[in-house]
4 protein chains.
Amino acid sequence: MERGSASAGPATGAETATGSGTAVRHHGNRHGRSEAARMAVLEAADDLLVEKGFAGVTIEGIAAGAGVAKQTIYRWWNTKTDILLDAFLQDAAEAFTPADHGDLAADLRDHLGRLADFLAGSDAGAVFRALLGHAQHDPAFAAVLRARYLDEQRRRDRLPLENAIARGELSAGLDLAFEVDRLVGPLYHRVLVTGDPVDRAFTDRLVDDFLRRPPHPPASAAGGGTP
Amino acid sequence: MERGSASAGPATGAETATGSGTAVRHHGNRHGRSEAARMAVLEAADDLLVEKGFAGVTIEGIAAGAGVAKQTIYRWWNTKTDILLDAFLQDAAEAFTPADHGDLAADLRDHLGRLADFLAGSDAGAVFRALLGHAQHDPAFAAVLRARYLDEQRRRDRLPLENAIARGELSAGLDLAFEVDRLVGPLYHRVLVTGDPVDRAFTDRLVDDFLRRPPHPPASAAGGGTP
Amino acid sequence: MERGSASAGPATGAETATGSGTAVRHHGNRHGRSEAARMAVLEAADDLLVEKGFAGVTIEGIAAGAGVAKQTIYRWWNTKTDILLDAFLQDAAEAFTPADHGDLAADLRDHLGRLADFLAGSDAGAVFRALLGHAQHDPAFAAVLRARYLDEQRRRDRLPLENAIARGELSAGLDLAFEVDRLVGPLYHRVLVTGDPVDRAFTDRLVDDFLRRPPHPPASAAGGGTP
Amino acid sequence: MERGSASAGPATGAETATGSGTAVRHHGNRHGRSEAARMAVLEAADDLLVEKGFAGVTIEGIAAGAGVAKQTIYRWWNTKTDILLDAFLQDAAEAFTPADHGDLAADLRDHLGRLADFLAGSDAGAVFRALLGHAQHDPAFAAVLRARYLDEQRRRDRLPLENAIARGELSAGLDLAFEVDRLVGPLYHRVLVTGDPVDRAFTDRLVDDFLRRPPHPPASAAGGGTP
DNA sequence: CATTAAGCGAGACGGTACGTCTCGTCTTCAT
DNA sequence: ATGAAGACGAGACGTACCGTCTCGCTTAATG
């Protein structure tokens with residue numbers, strides 16, 4: 001899973017790998033949390049998820065796989081889903097800033113295509129689906145998942161539309177949340193509900209359809225809007 | 001949850017786990033399954049789900065709640081999700097045949113509204129979301145869920161469009177699966193992913209939008225079809 | 001184990017668990033106990049004991065092995081040890097009437113040798129040891145075992161001595177129970193407690209020793225009797 | 001059952017399952033076994049045996065009675081009989097070093113009397129009979145029982161005779177195993193087989209008889225002993 | 001420079017639930 | 001009425017993880 005490479009970059013902030021030795025800050029406590037242990041746990045967690053599925057992810061299994069004591073895990077995480085969420089965020093966080101080609105159609109095709117690849121075709125997407133599945137069972141975790149990932153992802157989903165508005169391609173009055181629902185909703189539906197495959201043809205068609213229809217007025221004017 | 005009334009009648013018992021048809025009691029079979037035990041299990045299962053959430057549903061808990069031996073459960077079901085699926089199917093199966101008002105707009109508004117109520121506002125919907133969440137962890141169960149519920153539900157989702165085609169309101173060349181994705185996808189997205197509320201205004205707007213835009217031609221003719 | 005020949009005859013079959021008397025046979029009528037079922041049960045029971053040991057003997061296992069319904073077993077026996085006791089009695093009952101050679105030494109050597117062979121070297125002996133073992137756990141069963149087998153066996157053990165008394169070889173005042181304890185006790189001790197092998201040399205030596213020492217007077221005259 | 005006092009001392013706890021020696025508590029070992037749990041298990045086990053008999057001794061029952069988790073039991077013992085054996089050894093081990101009065105008759109009377117009291121009249125004896133009964137069903141356990149108790153007990157049984165040989169009271173050529181069989185065999189026979197009561201009169205009579213008969217030459221000279 | 005307190009690997013512990021096994025009872029159908 | 005079949009309530013089995021807890025070691029900032 002090449003975790004090391006995912007986080008070594010300047011974007012990740014304080015937690016670098018242990019090898020560097022310089023950036024270990026955390027001066028509040030005596031000698032601070034072991035970065036090696038943290039990485040080993042995250043790596044072991046999604047190795048387990050990929051190998052044996054969600055039910056095969058176990059705190060004890062993670063501890064054994066990471067060569068770490070259970071207590072070390074419990075010191076820093078509360079549940080296995082917290083661990084998986086950390087692992088997921090570390091892998092996936094930067095993967096998604098949509099490009100800005102100066103053209104709404106191109107931006108949307110690009111973004112939806114990459115979203116589809118992520119959701120249906122990547123290891124990280126598998127972890128995400130597992131987390132989203134768990135969120136259906138656990139409202140508290142759902143809130144955490146939203147705060148730590150989904151809200152950010154929705155902002156990214158909105159970005160191409162916002163850029164288009166800034167460019168004047170789209171009217172400023174759009175209900176962006178609704179439009180995003182309409183763009184990505186069918187994609188999530190296929191991935192989460194029907195299980196049908198999602199390919200470029202499908203996502204392009206979604207974009208196509210979105211662009212061909214008259215922009216939808218916001219809810220307050222739902223009754224009478226015209227293009 | 002009024003389970004007794006949901007099945008065809010107190011004496012029926014036809015629905016074994018596979019849900020066959022004719023009403024046999026159980027003296028037609030040589031040594032019959034106890035219908036009372038079956039009902040008690042299903043009832044206990046979704047009582048538990050509602051009271052304590054998915055993680056609180058336990059085979060032992062169901063057995064205790066139903067006054068039934070664990071072995072009786074294991075004789076007829078493999079996993080707790082099988083039980084919940086049976087319970088869900090028994091409650092929810094007939095709830096959804098969409099009406100046919102002879103008018104596509106009315107049919108869609110009605111259907112999407114009822115779908116939203118079901119998904120977001122009913123006990124049965126809570127069970128369904130839990131099952132769908134579990135399906136994200138367990139591909140085998142996902143297949144079962146599709147075979148036993150989702151495929152049927154998708155047929156129901158398609159029905160208003162098919163009726164409209166029969167009436168000539170819509171062109172016969174539509175890619176119904178895609179159109180259904182576009183209708184219900186945003187709804188599922190809100191319920192499963194964003195957690196935003198879904199009300200009549202939202203579903204009506206989805207319908208509205210669907211009707212206002214030119215019907216989308218099938219993929220092969222993506223370039224140009226118009227009504 | 002040749003069970004069939006042991007009980008097929010008209011004289012047998014009477015000893016049901018309830019101990020009724022008449023030989024039912026169930027020849028033409030459909031009432032009455034099935035002798036075939038009874039035999040199959042007994043045979044299956046000690047087949048299981050020999051194959052898988054005492055813990056491997058199970059009512060369900062016997063039923064399966066005998067091709068008989070559990071209820072048929074429960075109708076006629078209370079516990080698995082009752083079945084094993086019936087099986088044992090049927091096999092072993094007639095095996096032990098000690099011969100009367102008109103000579104105490106010969107009679108005792110013969111009897112102890114056969115007893116040793118039985119206890120340590122026969123399938124029936126294995127069943128007997130299992131039953132005796134179970135009797136250590138279950139006083140009620142111990143009582144049944146004594147009533148149905150051990151008392152009779154002790155009578156047989158006494159027989160050579162009684163014959164010798166009748167012949168005048170031994171004094172009539174002997175405490176036979178004590179003398180029998182002294183004859184067979186060491187043998188049982190080896191078989192049940194130490195697990196040391198018992199061969200003819202050992203049993204002959206017991207007899208030898210018994211004969212060489214002055215017969216022990218009864219307790220009341222412990223101080224002085226001589227032959 | 002006064003377990004605390006039976007072991008070498010309240011702080012000892014040296015007896016792991018294997019019963020080694022030095023007193024370590026358990027902060028000498030790196031991650032120590034809980035002595036409290038061990039004691040509670042042993043105590044609960046033979047409380048159960050005394051109260052409800054062998055069949056009433058259950059791992060779950062022991063765990064509940066001891067306030068201990070089942071897994072803690074399975075970590076240290078394999079079967080319930082292992083537990084009972086540990087409990088028995090702890091209670092009974094030191095109870096039996098026969099005294100040495102300098103007189104064979106007195107030593108034997110004393111030893112056999114105490115052995116009879118133990119076997120037939122004590123709680124520990126009840127446990128022992130249960131273990132011996134189980135050994136009839138389970139050869140592997142029989143071997144363990146011999147290695148952990150019976151061999152030692154036989155040494156104790158031999159001791160009075162060995163002392164007498166050392167004193168010159170008995171000839172050095174005796175087959176001690178055989179002589180011990182003859183001394184204690186009748187006692188075990190009564191206790192294990194016939195169920196007849198064993199009192200001092202009986203054991204004294206066994207000793208009496210042993211002493212009155214001419215010492216038996218070893219097997220190799222069985223044919224020709226002299227008085 | 002010793003002290004000392006945090007993090008850590010290790011793993012025993014009291015628990016809960018798992019899925020399996022056998023028990024003894026029962027109902028049904030066929031003979 | 002007996003027997004074959006087998007579902008049922010009951011409950012123990014042995015296993016897997018849970019989350020908590022000591023324990024002894026290491027290590028780095030503090031006094």
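Sequence lines set the chain letters: A, B, ... in the order given, protein chains first and strands last, and positions in each chain run from 1.
- C:Gln71 has its CD atom 7 Å from the C1' atom of E:dT25, to the nearest Å.
- Here the closest heavy-atom approach between residue D:Val57 and residue D:Ala45 is recorded as CG2-O, 4.2 Å.
- With distances taken from any side-chain atom of A:Ala69 to the nucleotides E:dG24, E:dG7, E:dG9, the minimum falls on E:dG9.
- One atom, CD1 of D:Ile62, and another, C1' of F:dG14, lie 14 Å apart when rounded to the nearest Å.
- Counting to the nearest Å, the C1' atom of F:dC23 and the NZ atom of A:Lys70 are 16 Å from each other.
- Remark: P of E:dC23 and CG of C:Asp82 are 14 Å apart, rounded to the nearest angstrom.
- A residue-by-residue look at A:Thr79 and B:Ala37 shows that B:Ala37 has its nearest nucleotide of DNA chain F further toward the 5' end.
- Nearest-nucleotide assignment on DNA chain F puts the 5′-proximal partner with C:Val68, out of C:Val68 and B:Gly67.
- The phosphate of E:dG14 has OP1 or OP2 within less than 4.0 Å of a side-chain N or O from D:Thr72.
- Taking atom CD1 on B:Ile73 and atom P on F:dA7, their separation rounds to 15 Å, with Å as the unit.
- Between D:Val41 and D:Val68, the shortest heavy-atom distance links the atoms CG2-CG1, 4.0 Å.
- Remark: C1' of E:dG24 and CD1 of C:Ile59 are 9 Å apart, rounded to the nearest angstrom.
- A cation-pi arrangement is absent between D:Arg38 and D:Trp76, since the terminal nitrogen or guanidinium carbon is not both under 6.0 Å from the aromatic centre and inside a 45° cone about the axis.
- Proximity of B:Arg75 to the phosphate of F:dC8: a side-chain N or O atom is located under 4.0 Å from OP1 or OP2.
- Checking F:dA12, E:dC18, E:dT22 against the side-chain heavy atoms of B:Glu60 singles out E:dC18 as nearest.
- Aromatic ring pairs are classed by plane angle as parallel below 30°, tilted from 30° to 60° and perpendicular above 60°; the pair D:His137 and C:Phe54 is parallel.
- Atom CD of A:Glu35 and atom P of E:dC8 are 10 Å apart (whole Å).
- Scanning all heavy atoms of the two residues, the minimum distance from D:Gly61 to D:Leu48 falls at C-CD1, 3.6 Å.
- Distances shown here put every side-chain N or O of B:Trp76 at or beyond 4.0 Å from the OP1 or OP2 atom of F:dA7.
- In this structure, the CH2 atom of C:Trp77 is 14 Å from the C1' atom of F:dT2, given to the nearest Å.
- You'll find that the side chain of D:Tyr74 is closest to F:dT15, out of E:dA10, F:dT15, F:dC17.
- Among the heavy atoms of the strands, none lies under 4.0 Å from A:Gly61.
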